[in-house]
Amino acid sequence: MKKLSLLLIAFLTTSIIALGAGKPKYVFFFIGDGMGMPVINVTEAYMAARDGKIGNTRLFSQLPFIGLATTYSDTRYITDSAAAGTALATGEKTSPGTIGMNADHSKNVNSVAVQAKASDMGVGIVTTVSIDHATPAAFYAHQSSRNKYYEIAVDGTESGFDLLGGSGFLNPEPEGKTNVYDLYNQKSYKHIAGKEALNAATPETSDKLLITERKGANTASFAYEIENTDQDLTLADMVDFSIKYLYHNFSEKGFFLMAEGGMVDWAAHANDAASAIGEIIGLQQAVDKAYAFYKAHPDETLIVLTADHETGGCSLGCNANGYDSDLQLLQYQKASKGELADRVGKCTNWDQAETLLKTDLGFGSGVKLSDKEWEKLKNYFKESPSKCGRRAVELLNQKASIGWTTGSHTGSPVMVYAVGAGAENFSGLMDNTDIPKRISSLIQ
């Protein structure tokens with residue numbers, strides 16, 4: 001009886017703590033697209049190895065509450081970004097490919113960002129990929145297919161959100177339709193294009209803002225962090241500016257900012273460990289911006305970080321190396337797998353390709369290759385220069401001892417991290433739909 005009473009007291013105490021926790025005024029919701037637990041572990045181990053250590057240099061260490069979330073969709077266990085994004089945005093399961101609607105497309109479902117806007121909070125949605133991509137779209141759009149890029153972009157103009165940012169739009173002006181940028185202009189959005197323009201812009205403005213990469217840049221995504229230049233926007237840039245802008249305009253009512261690191265997924269689809277690591281480190285830098293704000297407003301700020309699903313079936317360890325690994329070799333890769341395939345693909349002879357593999361992957365210097373491995377790469381080049389570039393990145397992954405099981409998604413659960421007002425609600429095992437529901441309950 002005494003033991004039962006103690007358990008009851010413990011349960012009630014825990015419940016009171018959870019119910020009595022402060023409600024956040026400022027909410028940051030970070031999503032690492034495709035960022036499964038294994039690739040986080042690989043990144044942590046790489047950072048330690050790069051510093052000559054065995055162990056993990058823990059990422060997101062300033063977020064002390066940790067949980068796990070399941071990611072299955074309404075109709076299948078292995079989800080896609082549309083269904084997973086809708087689950088994280090709205091708290092509702094849906095079918096793959098669906099944006100902001102229920103599984104049979106008979107009803108729209110609204111996101112926690114829509115709820116925040118209805119409560120007069122400021123709302124910002126920023127991403128490293130296109131603004132009309134699945135994850136950001138799930139917070140403002142309602143479409144039966146994630147591929148309806150123009151219709152999704154138009155939904156954004158109707159959202160009333162205060163700030164939308166990313167690389168651009170995938171289909172801004174289909175034949176016979178009004179240009180999306182003109183539609184945003186008609187809705188009084190000021191367009192800021194590129195890092196130079198963002199650096200020159202003042203966040204102390206009441207204008208609604210549309211932020212994209214500079215004119216002529218890739219509209220599908222930002223540059224990978226691994227090949228980023230001083231001219232390229234980063235997620236940290238976007239989050240830093242968004243915080244200043246949203247706080248200037250909504251310090252009294254509060255704000256909600258969703259920030260997506262969308263290219264972890266792309267790198268993992270390509271089975272490109274070095275690029276995935278770069279994207280996760282870039283996401284950490286963006287979280288650091290939010291955490292600096294949290295330290296200034298600790299009783300009013302909530303930061304939640306998770307992923308929509310796992311991509312690639314990544315592992316620290318592969319059959320070729322048994323129990324051995326050499327993760328620091330990944331530091332020699334200077335560009336993404338796709339970019340390296342393009343560069344090698346443009347080489348007109350093997351000597352050019354060999355030189356490029358030495359400079360951009362460290363082959364022959366930092367990364368030792370046997371004569372047999374060089375001969376195999378040469379044969380790949382004869383077969384297809386671009387294939388040689390891809391196989392070279394795969395060889396580097398193997399030498400580092402990074403394994404991959406698929407070029408698609410998996411059904412593995414994903415990490416959840418949180419800090420701040422109400423953060424204790426995001427520890428333990430949960431479903432992805434629980435995350436927006438818990439955020440929603442905290443900001444009501």
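- Counting heavy atoms from C-beta on, the side chains of L361 and K334 never come closer than 4.5 Å.
- Using the six-membered ring where Trp is involved, F293 and Y26 have ring planes that are perpendicular, over 60° apart on the 30 and 60° scheme.
- Closest approach of L329 to G366, counting heavy atoms only: CD2-O, 3.4 Å.
- N218 places a side-chain N or O within donor-acceptor distance of the main-chain N or O of A220, the cut-off being under 3.5 Å.
- For the pair E225/I281, no side-chain contact is recorded, criterion being any heavy-atom separation below 4.5 Å from C-beta on.
- Between the side chain of E213 and the main chain of L233, a donor-acceptor pair closer than 3.5 Å is present.
- Looking at D104 and N102, their side chains do bring a donor and an acceptor atom within 3.5 Å of each other.
- Taking the six-membered ring where the residue is Trp, the centroids of F30 and F60 are separated by 6.0 Å or more.
- Here M415 contributes atom CE and I66 contributes atom CD1; the two are 5.0 Å apart, rounded to the nearest 0.5 Å.
- Between E394 and K337 a salt bridge is recorded (basic side-chain N to carboxylate O distance below 4.0 Å).
- The shortest distance between side-chain heavy atoms of D265 and D308 does not fall below 4.5 Å.
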Q. Should E373 and K399 be marked as a salt bridge (charged side-chain N to carboxylate O under 4.0 Å, His left out) after you check the CA-CA gap, both sets of side-chain angles, and the distance that decides it?
A. CA-CA 11 Å; E373 287 168 331; K399 284 186 168 293; 3.2 Å; yes
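- In this structure a side-chain-to-backbone donor-acceptor pair under 3.5 Å is present from N271 to T406.
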Q: Would you please test D288 and Q284 for side chain to side chain donor-acceptor pair (under 3.5 Å) and show each step?
A: CA-CA 6 Å; D288 288 342; Q284 171 70 81; 2.9 Å; yes
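- A heavy-atom distance below 4.5 Å is found between the side chains of D232 and R214.
- Results of the side chain to side chain contact (heavy atoms under 4.5 Å, CB included) test with Y140 over I131, V114, N110, V123 single out I131 as the only residue that passes.
- Between the side chains of S325 and N321, no donor-acceptor pair of N or O atoms lies under 3.5 Å.
- Nearest heavy-atom pair, G411 versus T71, reported as atom, atom and distance to 0.1 Å: O-OG1, 4.3 Å.
- Residues N249 and F255 have side chains not in contact (no heavy-atom distance under 4.5 Å, counting atoms from C-beta outward).
- Remark: of the listed residues Y150, Y149, Y184, Y184 is the sole one forming a ring pair (Phe, Tyr, Trp, His ring centres under 6.0 Å) with F169.
- With 3.5 Å as the limit, one finds no donor-acceptor pair spanning the side chains of Q186 and D182.
- Enclosure of atom CG in D371 is not indicated, since only 12 or fewer non-hydrogen atoms of other residues, nucleotides or ligands lie within 6.0 angstrom.
- The 12-atom threshold is exceeded at NZ of K208, counting heavy atoms of other residues, nucleotides or ligands nearer than 6.0 Å.
- Taking the centre and axis of the six-membered ring of Y72, the NZ or CZ atom of K93 falls inside the cone set by 45° and 6.0 Å.
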Q: Apply the test side-chain contact (heavy atoms from CB on, under 4.5 Å) to residues N147 and Q143: give CA-CA distance (whole Å), side-chain angles for both, the deciding distance (0.1 Å), then the verdict.
A: CA-CA 9 Å; N147 297 323; Q143 296 295 332; over 6 Å; no
Q: Could you walk me through whether K244 and D240 pass the salt bridge (charged side-chain N to carboxylate O under 4.0 Å, His left out) test, one step at a time?
A: CA-CA 7 Å; K244 294 170 184 174; D240 186 46; 3.3 Å; yes
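- Using a 4.5 Å cut-off on side-chain heavy atoms (C-beta onward), P96 and S73 make contact.
- Between atom CG of residue L257 and atom CD1 of residue I125 there is a gap of 7.5 Å, rounded to the nearest 0.5 Å.
- Checked by atom type, the side-chain pair D272/S336 shows no donor-acceptor distance below 3.5 Å.
- The shortest non-hydrogen separation linking T79 to A84 is OG1-N, 3.5 Å.
- There is no side-chain donor-acceptor pair under 3.5 Å between T205 and T202.
- Using a 4.5 Å cut-off on side-chain heavy atoms (C-beta onward), K53 and M47 make no contact.
- Of the N and O atoms on the side chains of T135 and H133, not one donor lies less than 3.5 Å from an acceptor on the other residue.
- The number of heavy-atom neighbours closer than 6.0 Å to CD of E173, taken from other residues, nucleotides and ligands shown, is above 12.
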Q. What's the verdict on salt bridge (charged side-chain N to carboxylate O under 4.0 Å, His left out) for K378 and E354, showing C-alpha distance, side-chain angles and the deciding distance?
A. CA-CA 8 Å; K378 186 175 182 179; E354 183 180 20; over 6 Å; no
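- Nearest heavy-atom pair, A335 versus I226, reported as atom, atom and distance to 0.1 Å: C-CG2, 3.8 Å.
- Ring orientation note: the planes of F29 and F256 are nearly perpendicular, at an angle over 60° on the 30°/60° scale.
- Neither side chain, K148 nor N171, offers a donor N or O lying under 3.5 Å from an acceptor on the other.
- Here L183 contributes atom CG and E158 contributes atom CD; the two are 8.5 Å apart, rounded to the nearest 0.5 Å.
- Salt-bridge formation is not detected for the pair D237/K289: no Lys NZ or Arg NE/NH1/NH2 atom is positioned less than 4.0 Å from an Asp or Glu carboxylate oxygen.
- A distance of 9.5 Å separates OG of S401 from CG of D326, quoted to the nearest 0.5 Å.
- A distance of 10.0 Å separates CD1 of I211 from NZ of K190, quoted to the nearest 0.5 Å.
- Side-chain rings of Y294 and F28 stay apart, their centers remaining 6.0 Å or farther from each other.
- Of the possible polar contacts, one joining the Y245 side chain to the D207 backbone as a donor-acceptor pair under 3.5 Å is found.
- For the pair V264/D33, no side-chain contact is recorded, criterion being any heavy-atom separation below 4.5 Å from C-beta on.
- The closest side-chain donor-acceptor pair between T70 and D431 falls under 3.5 angstrom.
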Q) Could you go step by step and tell me if K195 and D230 meet the salt bridge (charged side-chain N to carboxylate O under 4.0 Å, His left out) rule? A) CA-CA 8 Å; K195 188 164 187 170; D230 291 339; 5.9 Å; no
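- Closest of all the heavy-atom pairs between M101 and T86 is O-CG2, 4.3 Å.
- For N319, the CG atom is loosely surrounded, since the number of other residues' heavy atoms within 6.0 Å does not exceed 12.
- Nearest heavy-atom pair across F241 and A201 is CE1-O, 3.8 Å.
- Here CG of N432 is found 9.5 Å from NZ of K437. Values are rounded to the nearest 0.5 Å.
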